[in-house]
Amino acid sequence: MACSGSICSRGSAFIKKFSNDRPHYLSATINILPTSLANKIAAGEVVQRPESVVKELLENSIDAHARSIAVTIKDGGKTLIQIADDGLGMNEEDASLSFLRHATSKIASYDDLECIRTLGFRGEALASIAAVAQVELKTRRSDDDAGTLIRIADGVIQEQSKTGMSRGTTITVKNLFFNTPARRHFMKSNSTEFKHIYDAVQRIALSHPDIAIEFTSDGDAIANLPVGSMDDRIKNLFGERLFSTLIPIEERTELINVTGYIGKPNFARKSKAEQFIFLNGRFIISRSLNHAIYSGYEHLVEKGNFPFYVLSLELDPHKVDVNVHPSKMEVKFSDEQSIYRIVMAVVRRALGEQEVIPSVEFQQPGSSPAHRQTFGSFQHAEYPRFANFPPIAPSPFTNTPLDARPGGDAQPGRTTPFGLNQEPLFSTLDIPSGSIQYDGAPVALTMDRIIPGQNDTVAIWQLHNKYILTQIRTGLMIVDQHVAHERILYERAQSRFQNAVPSSQQLLFPHTMTLTPGDFALAKELIPDLELLGFQVKVFGKNTLVLEGVPPDVKAGSEATILQDIVDEFKNNQNRIVLDARDNLAKSFSCKAAIKAGDKLTELEMRSLIDQLFGTSMPYVCPHGRPVIVKVALSELDRRFMRT
Ligand code: ADP
Ligand code: MG
């Protein structure tokens, strides 16, 4: 299109102004900033405080394959930061190019940007640092006769010469922000800046235990970390004691590998400082992954407490974008949901394999509060396993005929109201037959379960039709029957979602129900997931549904109300917390289908409940975070009865 109109004529006026050599500030025009000023502006994003310098220089040393790095600072890094490495070094030409903006040896094309394997790639750290400090670079490659020395300040090279040195690179940064007073005043006290630098060194040290790191501040040796394994590095940084409270994680999947350690919940601290996620060797900040980890803990950690974790994720670099922010700490995953699910599941499983039962200490005379619950005792799993019995196939027309089984106290043919023994849970713990010990003695296994009268090892009682009491080696275990069943049904629901093999019992008399328009719309939306759970629901005209089948877990007699109950609970949950729709449905279903306080259980049902509870991945808390099990130690009873 031909160039006409006011824009072009204005443009020519601008050119005239410039060609008249008028000072820029007199004209309301666009200025092309001088490089030194542009670099200072750009530096603002890369170099926010001394810590950023340390982080960037350490990343460069790692990218240069250093085996050992020495970090020296003074005055919280304000007057001096020096990073010396034994990495590949640079030749003279590269050394002077390295201070130019967008000068990098790490990428050359857009394709490279799509697949970042190094910590750096933006080519702006050295340029930014040199724009706001006095910098000295000494570097030498192993093949070169001599090293190169460059002194640069305010972005301008002051001196370049040859120097004698061994292979590697030493960068010294003095008087940070000497030429940007606003930034200089923004720095905090030396001790605060030191703390930030310490954190940066710690992150690098944790992500690269294969590199020796020495850290000196104001002449004091702060850390001296030899090359070692991840275990050694954690012990060196946090001490043997903390290490002994960690649970190892290792999961390798096609999409991602997750390794590292997570802290046992009762050792959680009040601060988030000891939480580290590394992605392909880079420390990252990810709200979504933090959330995944917390969801894995699933209420085992009290609000305001933060568990320790160091998780290293390895992922094909094509599947992650690290070019989100100049600090390179934010990332975008192409398949965030799958990664979220894997991380959450890995954490949950690792915790589920530990014993995290709350134990109760009663009030000491004169003390408060009335009782205290702590998540304690990790020595060894200690719960009664009654039997390792095969699951019973659900009957198509009745709920579980548990009571009709030997030892049940009901008449043959009567159906039990509780679907307690329907199908294996997806993570049933594998116990070799005959290996079950209870109070040190092997427990007889039958094809079925321990039958009262035939096996006198473990007694079990129901208290007020609400709690199940049973003896364990260290005392008494109390289980809340409702939340225990909730946990079982919740995991069963999730496994049905995952495996998409619904199990359903057809109702002899389909149940027609009319809902409010809002509930009807919601229920209609939920139908595909409800079907996965085992509901058979059909839309039958305006605001009306017909329920033709229910999952076997639904209590006989509650078919008429269960769907409305689930919809109501789903809405309640929606108002309170943000949940994934399926998770919400699994929670709503398990809450509404579970046995209630007040439901009388047979002995067999109690044993079945306990067995299935310990087959779940997390028997100790219900999906809403309430404790399922409370232990009362024998020693506590002895104390109460003044036996000690
Ligand atoms: P980036 O790391 O994004 O490439 P930098 O400004 O941090 O950008 O560094 C520019 C270049 O200088 C790097 O690409 C690298 O080639 C070189 N370089 C920087 N530090 C070192 C070092 N410690 N050892 C060897 N080369 C280095
Ligand atoms: Mg860099």
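On a predicted model such as this, the values are computed, not experimentally measured, just so you know. First listed ligand is number 1; within each ligand, the first listed atom is number 1.
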- Task: Compute both the distance and the angle, then confirm whether Lys188 meets the cation-pi test with Phe186: under 6.0 Å from the six-membered ring centre, within 45 degrees of the axis.
- Result: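 Yes, Lys188 and Phe186 form such a contact.
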
Salt bridge or not for [X] and [Y], using N-O below 4.0 Å?
X	Y	answer
Lys55	Glu59	yes
Lys78	Asp75	no
Glu136	Lys174	no
Lys195	Glu193	no
Asp85	Arg67	no
Lys106	Asp63	yes

Looking only at distances, can you tell me whether any N or O atom of [X], backbone or side chain, sits closer than 3.5 Å to an N or O atom of ligand 1?
X	value
Asp63	no
Ser98	no
Gly89	no
Gly120	no
Ala125	yes
Glu56	no

Protein heavy-atom partner closest to [atom] - residue, atom, separation in Å:
atom	answer
atom 27 (C) of ligand 1	Met90 CE, 3.5 Å
atom 23 (N) of ligand 1	Asp85 OD2, 2.9 Å
atom 6 (O) of ligand 1	Leu126 N, 2.9 Å
atom 15 (C) of ligand 1	Ser105 OG, 3.5 Å
atom 19 (C) of ligand 1	Asn60 ND2, 3.5 Å

Atom indices of ligand 1 within 4.0 angstrom of [X] heavy atoms, with elements:
X	answer
Ala64	24 (N), 25 (C)
Thr169	22 (C), 23 (N), 24 (N), 25 (C)
Lys106	1 (P), 2 (O), 4 (O), 13 (C), 14 (O)
Thr104	1 (P), 4 (O), 14 (O)
Glu124	6 (O), 8 (O)
Phe121	1 (P), 3 (O)

- Give the single entry among Ala103, Ala127, Gly123 that approaches atom 10 (C) of ligand 1 most closely by any heavy atom. Ala103

- Donor-acceptor pair, side chain of Arg151 and main chain of Gln160, under 3.5 angstrom: no

- Sidechain-backbone polar pair: Asp316 side chain, His318 backbone, donor-acceptor under 3.5 Å: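 Checking the backbone N and O of His318 against the side chain of Asp316, a donor-acceptor pair under 3.5 Å is found.
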
Are a donor atom and an acceptor atom from the side chains of [X] and [Y] found within less than 3.5 Å of each other?
X	Y	value
Asn179	Asp154	yes
Gln275	Tyr294	yes
Asn290	Tyr309	yes
Asn280	Arg117	no

- Task: Consider ligand 1: state whether an atom of it lies below 4.0 angstrom from any non-hydrogen atom of Arg122.
- Result: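 Judged by the 4.0 Å heavy-atom criterion, Arg122 does count as contacting ligand 1.
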
- Does any N, O or S atom of Asn60, backbone or side chain, fall under 2.8 Å from the Mg ion (ligand 2)? yes

- Query: For ligand 1, which part of Leu88 has a heavy atom less than 4.0 Å away: the side chain, the backbone, both, or neither?
  - Reply: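 Neither; no heavy atom under 4.0 Å.
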
